[in-house]
Amino acid sequence: MFYNRANLKKEALADLKGNWKKASLAGLCMFIPFVVAVVLFILLILAKSMEIDSDDFTAKLYFFLGRVLPYSVLLNCVFAVLYLALFRWSSILSKEGKADFKNFRKALTLKAIPAFFWMYLRSLLWLALVHVCMIPISLATAAYHRFLNPALPIFLAVIGGLLFVFLSFVFIAKLTSYLMCFFALADKKNLKILDSLRLTVKVTDGFRTNLLVTKLSFIGWGLLCIITLGIALIWVLPYYSQVMTRAWQFMLTEKAGVFSSDENKTEAQA
């Protein structure tokens with residue numbers, strides 16, 4: 001079956017029809033922590049900017065490592081829990097045709113935190129691999145200053161550039177796959193975190209470009225959220241969640257054999 005982004009959005013809107021009130025309650029649970037987080041972060045930056053000299057790099061570094069970084073980690077942990085709950089709510093809605101706010105509340109689980117860190121760690125490893133392209137580029141710079149013949153520097157620079165483009169595409173593909181692990185965990189509560197990461201790579205194979213385009217199609221909605229100072233998130237987030245849930249279920253149906261074989265393997269190991 002052909003991946004049709006427009007149909008997935010229509011199916012998502014059909015799911016939400018008559019359920020917008022409950023969806024907005026889930027969206028509100030995402031919006032309130034977002035507003036609190038932004039306000040606290042602004043206050044934190046403003047308060048510290050009055051204490052730190054603009055030229056004091058060491059003080060800025062200590063401020064980042066001691067205040068900003070822990071705050072960012074805590075914030076990501078909170079939103080990981082909320083996002084997984086929202087995706088589970090969307091999964092129930094698409095399967096049963098209705099979902100109550102209690103489904104969102106009961107879906108709040110700390111399992112989302114290690115899932116986020118594993119996803120982030122794997123993404124960082126692939127991002128680090130992208131920097132491998134800097135080796136031939138650095139060699140090209142060194143060769144340019146050492147040799148009169150520009151052939152070697154040009155050759156190394158071209159190799160580095162091509163390697164950068166290739167590895168960037170690989171990184172984007174892997175990141176697109178890993179970001180779907182929350183939908184896999186939302187669909188199957190008993191699925192292990194590492195199994196969900198491996199599974200999403202297999203299930204999204206052949207659909208990564210479609211998924212990326214689907215995500216990019218929400219840029220307009222993102223601008224609307226900025227214009228409304230985040231208020232539109234109350235409705236946009238449930239809509240986005242429902243579309244991506246439908247996309248996950250479509251891919252899962254197309255590759256049902258992959259999911260069942262992985263599930264059977266997980267049960268056998270257990």
Is any side-chain heavy atom of [X] closer than 4.5 Å to a side-chain heavy atom of [Y]?
{"X": "Phe171", "Y": "Leu167", "result": "no"}
{"X": "Phe207", "Y": "Lys255", "result": "yes"}
{"X": "Glu11", "Y": "Val243", "result": "no"}
{"X": "Met180", "Y": "Val203", "result": "no"}
{"X": "Phe101", "Y": "Cys29", "result": "yes"}
{"X": "Lys215", "Y": "Met244", "result": "yes"}
{"X": "Arg88", "Y": "Asn103", "result": "no"}

Out of curiosity, [X] [atom1] to [Y] [atom2], how far, rounded to the nearest 0.5 Å?
{"X": "Leu13", "Y": "Leu8", "atom1": "CG", "atom2": "CG", "result": "11.0 Å"}
{"X": "Met251", "Y": "Thr253", "atom1": "CE", "atom2": "OG1", "result": "10.0 Å"}
{"X": "Arg198", "Y": "Arg122", "atom1": "CZ", "atom2": "CZ", "result": "6.5 Å"}
{"X": "Thr228", "Y": "Trp235", "atom1": "OG1", "atom2": "CH2", "result": "8.5 Å"}
{"X": "Ser168", "Y": "Trp126", "atom1": "OG", "atom2": "CH2", "result": "12.5 Å"}
{"X": "Tyr120", "Y": "Leu127", "atom1": "OH", "atom2": "CG", "result": "8.5 Å"}

Are [X] and [Y] grouped together when hydrophobic residues (ILVMFWY) are joined by side-chain heavy atoms under 4.5 angstrom apart?
{"X": "Ile92", "Y": "Phe104", "value": "no"}
{"X": "Leu175", "Y": "Leu124", "value": "yes"}
{"X": "Leu237", "Y": "Leu108", "value": "yes"}
{"X": "Leu40", "Y": "Met30", "value": "yes"}
{"X": "Val35", "Y": "Phe79", "value": "yes"}

Before you tell me yes or no, could you show the steps for Trp118 and Ile113 under side-chain contact (heavy atoms from CB on, under 4.5 Å), namely the whole-Å CA-CA distance, both residues' side-chain angles and the distance that decides it to 0.1 Å?
CA-CA 9 Å; Trp118 272 112; Ile113 297 176; over 6 Å; no
Does a donor on one side chain and an acceptor on the other come within less than 3.5 Å for Arg208 and Ser177?
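Checked: Arg208/Ser177 side chains pair up, N/O donor to acceptor below 3.5 Å.
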When you check the gap from the basic side-chain N to the acidic O, do Lys202 and Asp205 get nearer than 4.0 Å?
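Looking at Asp205 together with Lys202, the answer is no, because their closest N to O distance does not fall below 4.0 Å.
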Is Asp187 salt-bridged to Lys95, cutoff N-O under 4.0 Å?
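Counted as a salt bridge, because a side-chain N and a carboxylate O are separated by less than 4.0 Å.
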Cation-pi check for Phe218 against Lys9: NZ or CZ below 6.0 Å from the six-membered ring centre and within 45 degrees of the axis, yes or no?
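Yes, cation above the ring, under 6.0 Å and within 45°.
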Evaluate the side-chain contact (heavy atoms from CB on, under 4.5 Å) criterion for residues Val201 and Lys174: first the C-alpha distance (whole Å), next the side-chain angles of each, then the deciding distance (0.1 Å), finally the verdict.
CA-CA 7 Å; Val201 173; Lys174 291 294 183 180; 4.0 Å; yes
Take a 6.0 Å sphere around [atom1] of [X] and say whether it holds more than 12 heavy atoms from other residues, nucleotides or ligands.
{"X": "Leu125", "atom1": "CG", "value": "yes"}
{"X": "Lys10", "atom1": "NZ", "value": "no"}
{"X": "Tyr83", "atom1": "OH", "value": "no"}
{"X": "Tyr239", "atom1": "OH", "value": "yes"}

Can you check whether [Y]'s main-chain N or O pairs, donor with acceptor, with [X]'s side chain at less than 3.5 Å?
{"X": "Ser217", "Y": "Thr214", "answer": "yes"}
{"X": "Trp89", "Y": "Asp100", "answer": "yes"}
{"X": "Ser90", "Y": "Leu86", "answer": "yes"}
{"X": "Asn7", "Y": "Asn4", "answer": "no"}

Between [X] and [Y], what is the shortest heavy-atom contact and its length?
{"X": "Val81", "Y": "Thr109", "result": "CG2-O, 3.6 Å"}
{"X": "Ala247", "Y": "Tyr3", "result": "CB-OH, 3.7 Å"}
{"X": "Leu224", "Y": "Ala232", "result": "CG-CB, 4.1 Å"}
{"X": "Leu191", "Y": "Leu185", "result": "O-CD2, 3.4 Å"}
{"X": "Ser196", "Y": "Ala184", "result": "CB-CB, 4.2 Å"}
{"X": "Leu197", "Y": "Tyr178", "result": "CD2-CD2, 3.9 Å"}

Could you tell me which residues satisfy side chain to side chain contact (heavy atoms under 4.5 Å, CB included) with Asn19, sequence neighbours excluded, listed by chain and number?
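Side chain to side chain contact (heavy atoms under 4.5 Å, CB included) check on Asn19 returns Lys22, Leu93, Lys98.
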Applying side-chain contact (heavy atoms from CB on, under 4.5 Å) to Thr204 and Leu211, what does each step give before you reach the verdict?
CA-CA 8 Å; Thr204 58; Leu211 285 174; 3.6 Å; yes
Stepwise side-chain contact (heavy atoms from CB on, under 4.5 Å) test for Ser91 and Phe183:
CA-CA 8 Å; Ser91 180; Phe183 292 94; over 6 Å; no
